[in-house]
Engineer: 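My structure is below; once you've seen it, I'll send some questions.
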Amino acid sequence: MRFDLTVLVPHLGFLAEGALLTALVCGLALVGGVILGMVVAIARTSSNRVVNRIAAAYVDLFRNIPFIVQLFFFYYGLPEIGIFIDAFTTGVVALSIAGGAYASDAIRAGILAIDTGILEAAEVSGLSRRTIFRRIVLPIALRTSVRPLGSVLINMILTSSVLSTITLNELTGQAKIVASDTFRPFEVYFVLLVVYAALTYLVSLGIALLHRRLNRDLSEPVG
Amino acid sequence: MLNVEQVRKTFGTVTVLDGVNLAVKPGEVVSILGSSGSGKSTLIRCINGLERLDGGRITVDDFDVSKPRELAEARKRSGTVFQLFNLYPHMTALQNITLAPIEVLKRSRAEAEDEGRALLASVGLGDRAEAYPAQLSGGQRQRVGICRALAMRPRYLLLDEVTSALDPEMTSEVLDILAKLASGGTTMLFVTHEIEFARQISDRVVFLEKGVLLVDLPTRDFFAAGGGLAQPRVAQFLSKMRKD
Ligand SMILES: Nc1ncnc2c1ncn2[C@@H]1O[C@H](COP(=O)(O)OP(=O)(O)OP(=O)(O)O)[C@@H](O)[C@H]1O
Ligand SMILES: [Mg+2]
């Protein structure tokens, strides 16, 4: 068998559409996952028992069920009880919910690691709890949790390939179609491999930059 | 007036403060001495509302720290400087100083920053306003900590062993600033192990022993043979401190 990437040229536009859809779904789910992760992390570090339990239950639940099962439940299960959600929305929401469970862990660890002395200094200076949270707790927590959050985000991108199973033709979905049209699975999946690697590499690069920026006080020379 | 009346504080079965009375008048500098574990930090933490009282009352200019409604006012009137600085690591020196004036006192950013820069300049850090805590030495961090407290224009400055984490050179740079504040009329409640320094700057010295305020005397009397030194525990403490 010859390795010939030129056979894919007529399909590049089609594959690019898939890549774009993957990027869009992941972009939205990243935002959704991080916001949800923050809210849940706040809930899990709150002193309110009930709020705490609910948040912990959410995290446990969604981390202990295979993503594809969650996805099928949302997409094929819910219509049985009259709830219809289109594939795109289902994909974004399911990915956000699953990602949010992991993201909340990363953010929570960052919150718990904050030196209590710093929080006491903020408290005695008269800052409101809200202000302390927004200006001190979250920014400090994010400094330490960007890296673990990055792994969560990369996992979300990888997981998004499963969305082709609910008729959402993101990158993997499109690739499957091209593979069966051209009978050239080797070339098709080789390209797929490279594109996913590039996509996740870009994200980890972004995370590294963000980490540097949030921790710039530790990297800049003392002077 | 900062008033501590019959204050009791327990942790579980341990009584850490046992009926403490203390009054600090505006303009006064009062040092708190006492051996490790005697309850000095706990007393400071009761005054700034970080610990809940189990008995008695603390008022800062008549605002009762045990009443949630009044605590905010009480806190506006006192500023705390911590042993381990507790600066906000993600903010520059200037941001550390201006955060509370802007958020709590609703001062304009420009005004808060002007004042913050002036404060930094007054402690010899005029050129380090944009530095992050991690880029500063211990002594510099504590000077920022002092500026952060002063930026709120507190009536009472609470200081808990603010030089204990510093080496001698840095200690003296911080003590110089406190001496200046003391002579400038800043009211201070000052927990310290720097006996000589306490003697120089204080109007009064109190001695805490196992949660009880054993001695409360004008500085000169405290160190006089017939005054504080007449108390065996005080004499013992002072001679031990001088040896170290
Ligand atoms: N959160 C707490 N829980 C239980 N016990 C505590 C707590 N905080 C303080 N204590 C105890 O209260 C006593 C007084 O502590 P405190 O920190 O006020 O002493 P201190 O006079 O400041 O001592 P040092 O000179 O070592 O700073 C100690 O026996 C300490 O173990
Ligand atoms: Mg102490």
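Chain letters run A, B, ... following the sequence lines, proteins first and then strands; every chain starts at 1.
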Engineer: Taking only heavy atoms into account, what residues of residues 44-71 of chain A are found under 4.5 Å from chain B?
Structural biologist: none
Engineer: Mark yes when over 12 heavy atoms from residues, nucleotides or ligands other than B/D62 sit less than 6.0 Å from its CG; otherwise mark no.
Structural biologist: no
Engineer: Check whether A/R135 gets within reach of chain B through its side chain, its backbone, both or neither, counting any heavy atom under 4.5 Å.
Structural biologist: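 For A/R135, backbone and side chain are both near chain B.
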Engineer: List the atom of A/R216, the atom of B/Y132, and the distance in Å for their closest heavy-atom pair.
Structural biologist: NE-OH, 2.9 Å
Engineer: List the atom of A/L127, the atom of B/A100, and the distance in Å for their closest heavy-atom pair.
Structural biologist: CD2-CA, 4.0 Å
Engineer: Take atom CZ in A/R134; do more than 12 heavy atoms of anything else shown fall under 6.0 Å from it?
Structural biologist: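 Buried by this count: over 12 neighbours within 6.0 Å.
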Engineer: Please list, in residue-number order, every residue in residues 105-117 of chain A that has a heavy atom less than 4.5 Å from any heavy atom of chain B; write 'none' if there are none.
Structural biologist: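 Result: A/D115, A/G117.
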Engineer: So what's closer than 4.5 Å to chain A heavy atoms on B/A72: side chain, backbone, both or neither?
Structural biologist: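 Neither part; nothing is under 4.5 Å.
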Engineer: Please round to the nearest 0.5 Å and tell me the distance separating atom CG of B/L105 and atom OG of A/S125.
Structural biologist: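 Spacing of CG (B/L105) from OG (A/S125) equals 9.5 Å.
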Engineer: Non-hydrogen contacts under 4.5 angstrom with chain A: give the residues of residues 85-93 of chain B involved, or none if there are none.
Structural biologist: B/N86, B/L87, B/Y88, B/P89, B/H90, B/M91
Engineer: Between chain A and each of B/D127, B/N48, B/L50, count heavy-atom pairs under 4.5 Å; write down the option with the most.
Structural biologist: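 Max contact count across the listed options: B/L50.
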Engineer: Other residues, nucleotides and ligands only: do more than 12 of their heavy atoms fall within 6.0 Å of OH on A/Y76?
Structural biologist: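 Atom OH in A/Y76 is crowded, with more than 12 foreign heavy atoms closer than 6.0 Å.
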Engineer: Grab the two heavy atoms, one from B/R75 and one from A/V124, that are nearest each other, plus how far apart they are.
Structural biologist: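 Answer, listing the atom of B/R75 first, then A/V124: CB-O, 3.7 Å.
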Engineer: Can you list the residues of residues 142-160 of chain B that sit under 4.5 Å from chain A, counting heavy atoms only?
Structural biologist: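 At a heavy-atom separation under 4.5 Å, chain A is reached by B/R148, B/M152.
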Engineer: Side chain, backbone, both or neither: which part of A/T131 has a heavy atom under 4.5 Å from chain B?
Structural biologist: side chain
Engineer: Under 4.5 Å heavy-atom distance to chain A, tell me which part of B/L84 shows up: side chain, backbone, both or neither.
Structural biologist: neither
